[in-house]
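Below is one structure, written out as structure tokens; the observations come after it.
Whatever order the structure lists them in is the order used to number ligands and atoms, beginning at 1.
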Amino acid sequence: MIPDNVRLVEVGPRDGLQNEGKSLGVDERVDFINRLARCGLTHIEAGSFVRPDRVPQMSGTGEVLGRLDLDAGTSYPVLIPNLKGLDEAMSAGAREIAIFASATETFSHRNINCSIDDSLERFRAVTQKARSAGILVRGYISCVLGCPYEGRVHSGAVARIATELLEFGCYEISLGDTLGTGTPATTRKLLDVVTECIPADRIAVHFHDTYGQALANILVALQCGISVIDASVSGLGGCPYAKGASGNAATEDVIYMLDGMAVQHGVDLELLIQTGRHICSKLGRPVMSRVNLALHS
Ligand code: HMG
Ligand code: MG
């Protein structure tokens, strides 16, 4: 049954900006995040603490975090690859982090320079330290429905990693179709396997729209009882280590679909459309949301 309420996790300021040719400054990123918060989004990924030479678009995330109102009821998770990233995030006052494992060995090496098992060891230490400081930890698994280097991915591997991430203290696991190759049929198969190991209310979905399947896949996830959806305003997004992959499901499009099913989400679509237009003009790129294009007056 489709849930009555959905929580949207807006990943535009992190996933959305990390792959753009043009890097935005701290002021522009803070302004973008504050605009998203005013739309009613309660979970906004604010950036990442990774190597600045690897992902220069995310450098200055500490400053961004320091300029946000962390007491206003919005969560601002930041992506963390290791203890060094966690220490920097803690110094900047982070209250929530997201760790990111991969379902395939090659992507794990390309993305974070270690094997899956080594990454899980690292993430266990990161999670323990964060939890003992009262910081919430969200877990990602990338490449759950296809890998740019290995092709097919075993659902059993995804379920094993998801179980482990939950066991060491993540409050929810976001399943990432990094490449965007998933279809409703493969999404259904994956979710059937994963929900045998962990409950649907601990799962979020994170679809990239490279093949135009993101909304259809989200609908399947909703039908499986999943009520947390990652999306990115105006369909921004991509991963520097998943060449050819395009942006995330556009938040405007997800909201329009939820409205059509009378599912509650708490986001002001009109304001979001303006925010999407604003950030795309800053980046000098076209709006990728079909709903934004259709409804903008
Ligand atoms: P490494 O080279 O293995 O790290 O990088 P190292 O421990 O060997 O250290 C080498 C140097 O990096 C040292 O500096 C460290 O201090 C520095 P040096 O002594 O040579 O001057 N270093 C760091 N600097 C800043 N922040 C850090 C950090 N750690 C070490 N945290 C690392 C390993 C993971 C850091 C690197 O490979 C990296 O930054 N990778 C980028 C990962 C990334 O951001 N990928 C994109 C996001 S994932 C994604 O988009 C998918 C997702 O959206 C879900 C989906 O779509 O499916 C989440
Ligand atoms: Mg992503």
Side chain or backbone, does Ser48 bring an N or O within less than 3.5 Å of an N or O on ligand 1? no

Heavy-atom pair with the smallest gap, counting every atom of Gln57 and Asn19: NE2-C, 4.0 Å

Salt bridge (Lys or Arg N to Asp or Glu O under 4.0 Å) partners of residues 70-81, not counting sequence neighbours, each pair once: Asp71-Arg95

Atom indices of ligand 1, in the order listed, that fall short of 4.0 Å to a heavy atom of Gly176: 57 (O)

Looking at Ile112, which atoms of ligand 1 are within less than 4.0 Å of one of its heavy atoms? 33 (C), 34 (C), 37 (O)

Is atom 42 (C) of ligand 1 less than 4.0 angstrom from at least one protein heavy atom? yes

Check whether any protein heavy atom sits under 4.0 Å from atom 48 (S) of ligand 1. yes

Among all protein heavy atoms, pick the one closest to atom 29 (N) of ligand 1 and tell me residue, atom and distance. Asn82 ND2, 2.8 Å

Can you check atom 14 (O) of ligand 1: any protein non-hydrogen atom closer than 4.0 Å? no

For atom 20 (O) of ligand 1, is the nearest protein heavy atom closer than 4.0 Å? no

Nearest heavy-atom neighbours spanning Val153 and Val158: CG1-CG2, 4.0 Å

Suppose we screen for side-chain hydrogen bond (donor to acceptor under 3.5 Å, both in side chains). Which residues come up paired with Lys189, at least two apart in sequence or across chains? none

Would you say CG of Asn5 has more than 12 non-hydrogen atoms from neighbouring residues, nucleotides or ligands within 6.0 angstrom? yes

Give the ring-plane orientation class for His206 versus Tyr140, where under 30° counts as parallel, over 60° as perpendicular and anything between as tilted. perpendicular

Checking a contact table here: which protein heavy atom is nearest atom 52 (C) of ligand 1, and how many Å away? Arg14 NH2, 3.8 Å

Can Met288 be reached from Ile279 by stepping across I, L, V, M, F, W or Y side chains whose heavy atoms are under 4.5 Å apart? no

Does either side chain, that of Ser115 or that of Glu105, offer a donor lying less than 3.5 Å from an acceptor on the other one? no

Verify, without hydrogens or angle tests, whether His208 (side chain) and Leu179 (backbone) share a donor-acceptor contact under 3.5 angstrom. no

Atom 57 (O) of ligand 1 touched by protein heavy atom at under 4.0 Å: yes

Got a donor-acceptor contact below 3.5 angstrom from the Asp177 side chain to the Gly182 backbone? yes

Which residue from Asn111, Val50, Leu179 reaches closest to atom 40 (N) of ligand 1 through any of its heavy atoms? Asn111

Per-atom contact, atom 7 (O) of ligand 1, protein heavy atoms, under 4.0 angstrom: no

The reported gap from SG in Cys197 to CD in Glu164 (rounded to nearest 0.5 angstrom) is 12.5 Å

Show all protein N/O/S atoms under 2.8 Å from the Mg ion (ligand 2), or state that there are none. Asp15 OD2, His206 NE2, His208 NE2

Minimal non-hydrogen separation, Cys239 against Thr178, with atom names: CB-CG2, 4.2 Å

For atom 23 (C) of ligand 1, which candidate among Lys84, Arg122, His109 holds the nearest heavy atom? Lys84

Donor-acceptor pair, distance only, cut-off 3.5 Å: does the side chain of Ser289 make one with the backbone of Val291? yes

Considering only protein heavy atoms, which is closest to atom 54 (C) of ligand 1, and at what distance to one decimal place? Ser142 OG, 3.6 Å

Could you tell me whether Asn248 approaches ligand 1 through its side chain, its backbone, both or neither, with non-hydrogen atoms closer than 4.0 Å? neither

Which residue supplies the protein heavy atom nearest to atom 34 (C) of ligand 1, what is that atom called, and how far is it? Pro81 CB, 3.5 Å

Please report which non-hydrogen protein atom sits nearest to atom 17 (C) of ligand 1, along with the residue it belongs to and the distance in Å to one decimal place. Arg51 CG, 4.0 Å

For ligand 1, which part of Met58 has a heavy atom less than 4.0 Å away: the side chain, the backbone, both, or neither? neither

With backbone taken as N, CA, C and O and side chain as the heavy atoms from C-beta onward, which portion of Thr178 lies under 4.0 Å from ligand 1: side chain, backbone, both, or neither? both

Supply the members, apart from Val287, of the Ile/Leu/Val/Met/Phe/Trp/Tyr cluster built from side-chain contacts under 4.5 Å; use none for a lone residue. Leu293

Can you find an N/O atom of Gln18 closer than 3.5 Å to an N/O atom of ligand 1? yes

Below 4.0 Å, non-hydrogen atoms only: which portion of Val55 touches ligand 1? Side chain, backbone, both or neither. side chain

Please write down residue, atom name and distance for the protein heavy atom closest to atom 3 (O) of ligand 1. Asn113 ND2, 2.8 Å

Mark up the atoms of ligand 1 that fall under 4.0 Å of a heavy atom belonging to Gly85, in ascending order. 31 (N)

Do Tyr256 and Val205 share a hydrophobic cluster (ILVMFWY, side-chain heavy atoms under 4.5 Å, transitive)? yes

The answer for which part of Leu79 has a heavy atom under 4.0 Å from ligand 1 is side chain

Exceeds 12 heavy-atom contacts within 6.0 angstrom, atom CZ of Phe168: yes

Considering only protein heavy atoms, determine whether one is less than 4.0 Å from atom 37 (O) of ligand 1. yes

Enumerated ligand 1 atoms positioned under 4.0 Å from heavy atoms of His208: 56 (O)

For Cys39 and Thr275 the tightest heavy-atom approach is SG-OG1, 3.5 Å

Within the distance-only criterion (no hydrogens, no angle test), does the side chain of Lys22 pair as donor or acceptor with the backbone N or O of Lys282 below 3.5 angstrom? yes

Could you pull out the closest heavy-atom pair between Gly146 and Thr181, with the gap in Å? CA-OG1, 3.7 Å

For Phe49 and ligand 1, does the shortest N/O to N/O distance drop below 3.5 Å? yes

